Amino acid sequence: MRDFIENMPKAELHVHIEGTLEPELSFALAEKNNIPLPFPSPEALIAAYDFHDLPSFLKIYYAGMSVLIEEEDFYRLTWDYLEKAASQNIVYTELFFDPQGHTTRGVAFETVITGIHKAQMAAKEKLGIDSQLILCFLRDMSAESAMTHLRMAEPYLDWLVGVGLDSDELNNPPVKFKEVFSLARQWGLKLTMHCDVNQKNTQEHITQVLDDIQVDRIDHGVNALESDALCEKIKAKQLGLTVCPVSNRFVVQSLTSNEIKAMLEKGLLATINSDDPAYFRAYLNENFIALQEEGHFSKDQLLTLAGNAFKVAWLESDEKEHYLSKLNAYAQTAVA
Ligand code: ADE
Ligand code: ZN
């Protein structure tokens, strides 16, 4: 199963580029940029990763960003992830980035997006991995700040495929950002939002992303399973759910394998993703492998999960067909 998973052509649709910052790179950038780190070594930094809910993770995640200063830092961050992704047979990925995590530290929007974009172009050319970029707003900041950052993005619309919403969900409902997402839609961007696992008012938030925001995809969305009506709506709209098993384990002590199976049984388009792989110490293959071990998924179920990611990717239909036929060819040779 491990070989089967590792060799399978895959797409990853839920990965925060800042969440791919490996401790070794963090130390290298800290030295280059003269930024003091409160740990003596990368190993000591990893030992301090103590996450048990969303806020405890976010605190460490935002502190980690402090070493990212210059365009070349964002280039290196993105290049390293794309190189790792290509080595895991990820052929296509959609990357989140959090500009407000940088502009609030005095790093220009242009610096961030240019470094990321240049690495995406280089990885396409040199590694053959295709990627698109999603601008995420921090939901614990104001709607005005989100709007300011959407306007900052206007000159770079060709570099973006969509907008998302992440950070602390508590008391930050989707409707807070209705106007911003409506303008993003008018500009031709796709829309997604996090509905993190086991959050307060989760049913209400999932309802809002469906009815008020009219998203094109939902990030996580596991709690939709608690409502037949929400499941029916997600199914009718054929929305993808980007589930992140290892990330969820920090909150619910399970890889949500039962929930992912239930999604497949209901015909929901669940996909598997790594979320913040450098922090959770698991990239996409490790997520698939751990999930398979916990839930004893069959090869057919794993192929369905991988296929769903290409189906709900923000690509033209001929591009989706290209990737799906690649996956199909793999299935023909690899399923005994
Ligand atoms: N930012 C980075 N990872 C996140 C997650 N899993 N949930 C919310 N915000 C995030
Ligand atoms: Zn996420």
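When a ligand or atom number is given, it counts from 1 through the structure's own listing order. Treat the numbers as computed from the prediction; the structure is a model and nothing was measured.
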Chemist: Any salt bridge between D80 and R76, counting N to O under 4.0 Å?
Modeler: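 Yes, charged N to carboxylate O under 4.0 Å.
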
Chemist: With 2.8 Å as the limit, jot down which protein N, O or S atoms are around the Zn ion (ligand 2).
Modeler: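 Under 2.8 Å from the Zn ion (ligand 2) - ignoring waters, which are not counted - the protein N, O or S atoms are H14 NE2, H16 NE2, H194 NE2, D275 OD1.
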
Chemist: Calculate, to the nearest 0.5 Å, the distance between atoms NZ and CG belonging to K190 and L160 respectively.
Modeler: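 Between K190 NZ and L160 CG, I get 14.5 Å after rounding to 0.5 Å.
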
Chemist: Determine whether the aromatic ring centres of H194 and H205 lie less than 6.0 Å apart.
Modeler: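 Not under 6.0 Å, so no.
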
Chemist: Please give the N or O to N or O pairs under 3.5 Å between ligand 1 and the protein, distances rounded to 0.1 Å.
Modeler:
unit_1   : atom_1 : unit_2 : atom_2 : d
ligand 1 : 3 (N)  : H16    : NE2    : 3.3
ligand 1 : 3 (N)  : D276   : OD1    : 3.3
ligand 1 : 3 (N)  : D276   : OD2    : 2.8
ligand 1 : 6 (N)  : D275   : OD1    : 3.3
ligand 1 : 6 (N)  : D275   : OD2    : 2.7
ligand 1 : 7 (N)  : D196   : OD2    : 2.9
ligand 1 : 9 (N)  : S167   : N      : 2.8

Chemist: Please check if the distance between the ring centroids of F280 and F51 is under 6.0 Å.
Modeler: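 Between F280 and F51, the centre distance is under 6.0 Å.
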
Chemist: Check each of D166, D53, L138, D168 against L58 using the side-chain contact (heavy atoms from CB on, under 4.5 Å) test, and report the only one that passes.
Modeler: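 The option that passes is D168.
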
Chemist: Could you pull out all residues at least two apart from H149 that satisfy ring-ring contact (aromatic ring centres under 6.0 Å, His included)?
Modeler: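 For H149 there are no ring-ring contact (aromatic ring centres under 6.0 Å, His included) partners, ignoring immediate neighbours.
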
Chemist: Out of V197, D219, D275, which residue meets the side-chain contact (heavy atoms from CB on, under 4.5 Å) rule with C244?
Modeler: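 Checked V197, D219, D275 against C244; only one passes side-chain contact (heavy atoms from CB on, under 4.5 Å): D275.
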
Chemist: Between K32 and D73, is the closest basic N to carboxylate O distance under 4.0 Å?
Modeler: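 Salt bridge between D73 and K32, a charged N being under 4.0 Å from a carboxylate O: yes.
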
Chemist: Check salt bridge (Lys or Arg N to Asp or Glu O under 4.0 Å) between K326 and all other residues, then give those that pass, not counting sequence neighbours.
Modeler: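 Per chain and number, K326 pairs via salt bridge (Lys or Arg N to Asp or Glu O under 4.0 Å) with no residue.
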
